[in-house]
Student: 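Before I ask anything, let me first share the structure, which is written out below as structure tokens.
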Amino acid sequence: MIEITEAEISLDEMIRRARSKDAGAMVTFLGTVRDDGMEGLEVEAFREAAQAELEAIREEAMSRFHLMAAEVVHRTGSLAVGESIVAIVCSAAHREEAFSGCRYIIEELKKRAPLWKKEMGEKGERWVGRT
Amino acid sequence: MIEITEAEISLDEMIRRARSKDAGAMVTFLGTVRDDGMEGLEVEAFREAAQAELEAIREEAMSRFHLMAAEVVHRTGSLAVGESIVAIVCSAAHREEAFSGCRYIIEELKKRAPLWKKEMGEKGERWVGRT
Amino acid sequence: MVLAFAGFREILGKERELRLLEGATVKELLEELALANPRFKEAAFDESGELRDYVLLMVNRKRIDPLQDLSRTLQEGDELAIFPPLAGG
Amino acid sequence: MVLAFAGFREILGKERELRLLEGATVKELLEELALANPRFKEAAFDESGELRDYVLLMVNRKRIDPLQDLSRTLQEGDELAIFPPLAGG
């Protein structure tokens with residue numbers, strides 16, 4: 001399942017959905033708001049395009065790495081330091097595939113999904129990635 | 001923290017312990033009992049030696065990959081298909097390190113920690129790994 | 001329909017309908033936006049009037065190449081999205 | 001003290017105290033166990049009396065090399081662990 005949401009991420013539920021008796025390995029990635037001297041993040045999405053892109057990435061990962069399940073949730077809106085921005089859960093028969101699938105999804109998400117972060121700090125605001 | 005336990009693994013608690021405001025990435029690995037036509041697993045540990053070996057592996061991973069936290073819980077006793085055998089949680093400033101640290105710990109655990117699995121099936125029992 | 005995100009949303013607003021002349025290109029639409037909004041002109045174009053490297057574009061949710069596709073003509077009902085480099089996750 | 005795990009535990013029991021002769025080696029201890037227990041002899045030694053490849057050993061929780069360290073002498077209070085290949089995780 002792919003979800004782009006304002007709500008807090010429940011990794012627990014994602015793991016429950018990704019569990020299967022044919023899976024021997026599950027790898028999860030959590031991207032969290034790191035304290036770079038800022039107070040928090042604003043995350044913005046081109047929601048429809050991001051949903052479609054993440055669904056395409058998910059399909060690619062599923063077939064390339066023979067995943068049993070792949071779940072992606074990306075938050076939007078205001079996030080505090082320590083909160084999760086994105087969660088990815090991949091299950092597979094073996095750990096090699098689960099690690100590779102999870103890595104693939106986060107790398108492609110960062111390259112291809114229309115999502116943006118703005119750092120909010122005492123000294124002002126800054127869109128991440130803009131030169 | 002390193003734990004070898006009969007009790008069910010709470011990934012939630014492990015993630016709570018591994019969270020930190022300096023971490024931007026957290027990677028977790030769950031090894032689960034896969035249905036290979038068996039009913040469950042028995043896991044046995046040379047507890048004191050496994051604890052020491054896992055602590056050594058954890059220290060290596062922490063310093064090699066600059067981890068902020070590394071948590072490992074390995075279960076012993078009877079496990080049903082679908083249950084988690086081992087859980088590893090690594091947090092780091094960046095995802096490259098978190099992925100590498102988590103991968104390192106599971107690979108070294110499999111090579112070095114004195115732990116054994118016996119598959120329990122309709123047709124009998126079999127120690128895994130014994131030729 | 002023009003959609004803008006992140007820094008460009010702050011300059012242009014999230015979305016707006018624009019009337020297009022028959023046969024108008026992506027480039028002409030961007031120049032029209034620049035003419036009406038000096039902050040957008042400054043953000044999106046360099047001194048020589050070239051689109052800046054970090055301006056990304058989608059037409060109907062497909063990325064287009066600013067080097068090749070600016071001369072593409074837009075149809076009634078097309079959706080043009082303008083945004084800076086991606087930074088999710 | 002001898003500790004055994006996995007298949008070897010099922011044959012030898014989990015732990016037992018053994019009296020050692022002064023200067024006894026790891027090899028001598030294993031042979032004494034084999035003499036007392038034909039199932040252990042079968043599981044641990046091949047027909048020519050060599051220790052099988054998959055038998056792993058620790059003395060005082062440090063792995064020892066069955067090719068080099070079988071002649072190591074054991075001291076009062078040493079702990080010898082016998083087990084098959086590792087299979088955790």
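Quick caveat, the model's predicted, so the values are computed rather than measured. Chain letters run A, B, ... following the sequence lines, proteins first and then strands; every chain starts at 1.
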Student: Would you say A:Arg34 and B:Ser20 are linked by a side-chain donor-acceptor pair, where the criterion is simply a distance under 3.5 Å?
Tutor: no
Student: Is chain A contacted by the side chain of B:Ile15, its backbone, both, or neither, given a heavy-atom distance below 4.5 Å?
Tutor: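 Side chain only.
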Student: Considering only heavy atoms, which portion of A:Val81 lies under 4.5 Å from any heavy atom of chain B: side chain, backbone, both, or neither?
Tutor: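 When you check distances to chain B, only side chain atoms of A:Val81 fall under 4.5 Å.
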Student: Return yes when atom CD of B:Glu48 has more than 12 non-hydrogen atoms of other residues, nucleotides or ligands closer than 6.0 Å, and no otherwise.
Tutor: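 Yes, because the 6.0 Å sphere around CD of B:Glu48 holds more than 12 heavy atoms from other groups.
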Student: Kindly compute the distance separating NZ (B:Lys21) from CG (A:Asp35), expressed to the nearest 0.5 Å.
Tutor: 4.5 Å
Student: Looking at A:Val33, A:Asp22, A:Asp36, A:Ile85, which makes the most heavy-atom pairs under 4.5 Å with chain B?
Tutor: A:Asp22
Student: For A:Ile88, which atoms come within 4.5 Å of any heavy atom of chain B: side chain, backbone, both, or neither?
Tutor: neither
Student: Quick one: does any side-chain atom of A:Thr32 pair with a main-chain N or O of B:Ala23 as donor and acceptor, under 3.5 Å?
Tutor: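 Yes.
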Student: Taking only residues two or more places apart in sequence or in another chain, which ones pass salt bridge (Lys or Arg N to Asp or Glu O under 4.0 Å) with B:Arg75?
Tutor: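 Expected list: B:Glu83.
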Student: Compare all side-chain heavy atoms of B:Met26 with those of A:Thr28 and state whether any distance is below 4.5 angstrom.
Tutor: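 Result no, sub-4.5 Å side-chain heavy-atom pair not found.
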Student: Which residues in residues 91-115 of chain B have any heavy atom closer than 4.5 Å to a heavy atom of chain A?
Tutor: B:Ala93, B:His94, B:Arg95, B:Glu96, B:Phe99, B:Cys102, B:Arg103, B:Ile106, B:Glu107, B:Lys110
